[in-house]
Amino acid sequence: EFRRFSLERSKPGKFEEFYGLLQHVHKIPNVDVLVGYTDIHGDLLPINNDDNYHKAVSTANPLLRIFIQRKEDADYSAFGTDTLTRKKNVLSNVLRTDNHKKKPHIVISMPQDFRPVSSIIDVDILPETHRRVRLYKYGTDKPLGFYIRDGSSVRVTPHGLEKVPGIFISRLVPGGLAQSTGLLAVNDEVLEVNGIEVSGKSLDQVTDMMIANSRNLIITVRPANQRNNVVRNSRTSGSSGQSTESSLPSSTPNILGSLLQGEEESDEEDIVIEDSGEPQQIPKAAPTSESIESLSQIELLHESTQNGFLPSSEMNSSHSAGSISMEYEVPDPGHKSLEEDGTIITL
Amino acid sequence: SQTVEHGFPHQPSALGYSPFLRLMAIGTRSGAIKLYGAPGVEFMGLHEENNTVMQIHFIPDQCQLVTLLDDNSLHLWSLRQHGGASELREEHRFTLKGPPGSPPSATQITAVLPHSSRDALYLGTESGSIFVVEVPSLQVLEDRTITSEAVLQRIPEDNCNRRSCELVEALREHPKNPDQILIGYSRGLIVLWDLQNNKVTHHFLGSQQLENLYWQRDGSKFISCHYDGSYTQWPVSSDNRQPEPLENTVPYGPFPCKAISKIYWQTTKNGLPYIIFQGGMPRASYGDRHSISVIHGSQQTAFDFTSRVIDFFIIFSSEPAAEFDDPSAMVVLAEEELVVIDLKTAGWPAVHPPYLASLHCSAITCSHHVSNIPLKLWERIISAGSKQNIHYSTMPWPIDGGTNIAPDPPQRDLLLTGHEDGTVRFWDASGVCLHLLYKLSTVRVFLTDADPNDNMNTLGEDEWPPLRKVGTFDPYSDDPRLGIQKIYLCKYSGYLAVAGTAGQVLVMELNDEDAEHTVDHAEADLLQDQEGYRWKGHEKLKTRDGPVRFEAGFQPFVLVQCQPPAVVTSLALHSEWKLVAFGTSHGFGLFDHQQKRLVFVKCTLHPSDQLALEGPLSRVKSLKKSLRQSFRRIRRSRVSSRKRRVGGGNASEVQEANAKFDQDALQEMELAPVQRKIEARSAEDSFTGFVRTLYFADTFLRDSSRHCPSLWAGTNGGTVYAFCLRVPPAERRMDEPVRAEQAKEIQLMHRAPVVGILVLDGRSTPLPEPLEVAHDLSKSPDMQGSHQLLVVSEEQFKVFTLPKVSSKLKLKLTALEGCRVRKVTVANFGSCKTDDYSENDLAVLTNLGDIQIISLPFLKLQIRYPCIRKEDVSGIASCVFTKYGQGFYLISPSEFERFSLSTKWLVEPRCIVDMPEVTSNNHVHNNSGVENAARKSRGPGKNSGDHGEDERKSGRLMEHALLNDEKVLKEIQSTLEGGR
């Protein structure tokens, strides 16, 4: 079904109101839908929060094409960069679900049901030649699985080119977390570990830093292969980096800092077993406003990192709830190992 | 700041002595030079070059010395007063340069003679020429060079040729006539040279290769010693210009002997000389001994040293008026220790040195420092020690130059070192001189292979040569299992717990008398009947049955042996509760040493941790095995390739293949760079159960209303166990058992090894040591406010609340800086300005060798200093902190470096060396008698400048001495009399 209606460009309102409007004009008040639009490059992009909604409205020229899909038979692969050119006709693609030739649909969960194993973060604040990779060790039984070595790299200094010592990834363990993410490669130069520069530090120091941060390791590398870098120019906008930049101009620089803060609070809660015998998470002695703040920061971060895709505000809140529960599951493996150790439980 | 080095210099290479200053100098292979005088008088200098110090010579009657390094450079050092204390400073350096085009050997210095005129150094060289260098400017006086041509002119040609004058072996000034010097050439030719007339007056034709020369006191004879183990006396008189030897002796003949490298001939009143020489042992049977022989009439002893003799000197009467030498002591610098022999007392006993102790006489395995020892305990330890030292001479320390002006140490400190041979040494660490007070041996408790009655020193009457072992350096341990790993001394009760390599834990009590008693023996099975484990390490030590005789001092009364007998990795003693806790790689246990009953054991082992189960020795063995195998492989391949080469016509082919193989191997090595695995720690890692730390605390473990005794243990895998203890009150202590119950277990998620546990009281002050409050030495802990638990892992510092464990604060050290905690202790920092301010902080040593001070209870980094090189792993491992912000670490196997983090407690040498009687004209150096007149004529103009200063100095010295020392008082008196 096609509908055409008008919006006041200067006062688009909130996403929730817009979502309600869509449900109203299509007369589907209780059906969950996914909302998308085509941007100026012809990419199909999602609308699921105020920010991308406003972005979408601002790109209307003067028409804004919006696609609505039922959530249960949505085709997520339709979204993203180049989707329209790749799939020739996004319209037919989207409409195909309503067609007779309904192919057997593989039901996969929503992204928020997955646990992230890695992500590229801070694309918007790093030079294009650098990549900041976050490895989520917890929740997986996979080893981190990589090795580092000493080496030297060439830097541009006021005195010309200079060879300086550096730390490089020397080996990826097959099947390890590092290899399976595909974000790290042999001979990538390690520049930072969890926000701390490694220059001037010895191989052993960097090793210790990485192991100490192994539950939430953030490595900034200069990839040996520079061809897969995120290219940020205006022509290929629509990537989350761009949108975050415009929507969060002031808060980006401190994201990493607050992220570290947040992680510090949540990444490793020690377990205490009282004489009752029940292993428990050690509570924080004094919860501070800082932790709440950092939580909201994490949400922002997720918005910016997950390629702009967040289903709805309702989903949004459940997402953040998910991230909390995820953090509380951290001790799970530890818990398990304690149970194996018969003597501890039979106190 | 690093304040002083204790112990024996590593790799000493040269020795010097000034009878005038009564100071001794030791040079080392690393280019350090250390001066020692009276106890507390110490100076240290370091050559920039880091080259071996080959020779040290004091300038006669001066506060100056010259060192010769192995790069052939000469360095002039002097002791100057600065800010009220003397300092050792390098003044000049100089390298002898020959004429252009001459070979380096022309200027290679082999012998140095500082002339008694104090203005010249005679330098003998490899080429045979003797150069003269002016002091202190270190400039060559070309016109005074004694060339071998000049020497040869006066010697009949049929007796020698040019080669006779190669390499100057020895230069000796005539004891009575400073214008004559004796020159000994390596090939045996000795000439007496007249400096005034520049000619040879006498020559002596030795047939043997010369090693050294020594003048008799009156100058009528000299003695030469030789490569073949002989020595020869030569007469010197004006009528015979080419005398024949008086006597030629091979003391340990008739079979071929080793060289005598140095000899002394000392006259005495009774007419019988002391002949003292180094070496000369029969080559075949005793060629490997390091000996110095002393012959006095019919007495003859060959002192046998356990390490190579570097050099030695004799302390004898330096009064020029005295007719005889009358030697009083022999000072021998061996590679690993300093030995001083009293030559005046019958039997020639050794003198106990007040410093330069050989810390490593058996390798140090651990150390423990106890600050502020109560006087009573201190005296008892000293008295126990004095009973051990009866075989030492009572002679006062003969090297007594300089004056110690450092303030008296503020408190009595003990440093305890555990050694590989099962001994514990108690050192007085209060001041600059680290001095052995008492030595405790745990060997007697056990049955070892070595027979204790096997005394090395009991030699039969007819033994020849008359060897006598001296010194304490004995690096050979009978049984490595005896090694001491952990020490804990309670300074209030005198209880001492030591634990060793084979899981043995001994609890001892101080007893002032000898006693014979049976040691109670218990076994602690740390595996607690978990099955399927097999210990592949060493066996436990066998104990001696029945009563054992113990000498006065610390006597063991309880022995606990861990099973499996793995090395004890942690130890804690609570002298008030009479409990001792111990941990190994398998678990930990608590023993009640009052009732002599094991309270409980706890296994901390992860079931999959096979390595810890098997024991460390099996790993060592396998490493050794694999090394041996690879060596064999190399040898085999070499042998086979050689064979093939010999046999085959296609040798070149084989060679090529070999070369290619080598190249491949090389390439492989290059391809595998040093890399580090990045992997999160898991519960399954090896040695997670290894107990790193044990701690007793009286705190709120279960609820906030009642506090109770508790035991805390931390493991390598980041687990903390807390046990609630019930200790019966004193009146029922023997009747009711001590009970323990596990109350808490904390698993740190980062799983780093727990290296420290500490409970802070309501005022955030660390809980006092046991009995500290009972002795009124500490405020009683605040039991009103809530207690906090500090857990220090290698990576983080964490504060938790008690009794409900919730995390309160943390400092993530490793995540931020990439360094790990190696040592941590609470240190009390006082203010040097006011007495009433002090604070407790954590002193932390990291694996990078940095020392960090972290505040309590807020865990803020206060300050950081680099202290130990990060490559110096053994130095970092050996570090101990004191309670008041000082510390020690080993800079070599035999030396502790002392450092201080506190402004209040600083122990460093501060001393004055004055030129005794420098202004008096009738003082004459022992071998500068005749030239005195000449010196007088030259002297005044040069000396008048510092004349006044010297007087002022001695004034200050006197003031100090009057307050302090009777002996110095006498010395000053004699000075004044001399001056008159």
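Reminder, nothing fancy here: chain letters follow the sequence lines and each chain counts from 1. None of these values were measured; they are calculated from a predicted model.
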Check whether Glu817(B) gets within reach of chain A through its side chain, its backbone, both or neither, counting any heavy atom under 4.5 Å.
-> backbone

Does a side-chain heavy-atom distance below 4.5 Å link Met749(B) with Arg215(A)?
-> yes

Taking the side chain as every heavy atom from C-beta outward, state whether Ser202(A) and Lys870(B) have any atom pair closer than 4.5 Å.
-> yes

Hey, what do you get for CG (Leu848(B)) to CD (Gln205(A)), rounding to the nearest 0.5 Å?
-> 4.5 Å

Out of curiosity, Ile678(B) CD1 to Leu172(A) CG, how far, rounded to the nearest 0.5 Å?
-> 11.5 Å

Minimum-distance pair of heavy atoms, taken over all atoms of [X] and [Y]:
{"X": "Gly818(B)", "Y": "Met209(A)", "result": "CA-CG, 3.1 Å"}
{"X": "Leu203(A)", "Y": "Val674(B)", "result": "CD2-O, 3.8 Å"}
{"X": "Ile196(A)", "Y": "Ala815(B)", "result": "CD1-O, 3.6 Å"}
{"X": "Ala680(B)", "Y": "Leu144(A)", "result": "N-CD1, 4.1 Å"}

So which part of Ile148(A) gets closer than 4.5 Å to some heavy atom of chain B, the side chain, the backbone, both or neither?
-> both

Glu679(B) side chain vs Ile211(A) backbone, donor-acceptor pair below 3.5 Å = no

Among Leu813(B), Ile746(B), Leu701(B), Thr719(B), single out the residue with the greatest number of heavy-atom pairs under 4.5 Å to chain A.
->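 Looking at each of Leu813(B), Ile746(B), Leu701(B), Thr719(B) in turn, Ile746(B) comes out on top.
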
Criterion side chain to side chain donor-acceptor pair (under 3.5 Å) against Arg676(B), the qualifying member of Asp208(A), Asp204(A), Thr207(A) |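 Exactly one pass, corresponding to Asp204(A).
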
So among Lys798(B), Lys810(B), Lys808(B), Lys744(B), which one has a salt bridge (charged side-chain N to carboxylate O under 4.0 Å, His left out) with Asp270(A)?
->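 Checked Lys798(B), Lys810(B), Lys808(B), Lys744(B) against Asp270(A); only one passes salt bridge (charged side-chain N to carboxylate O under 4.0 Å, His left out): Lys798(B).
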
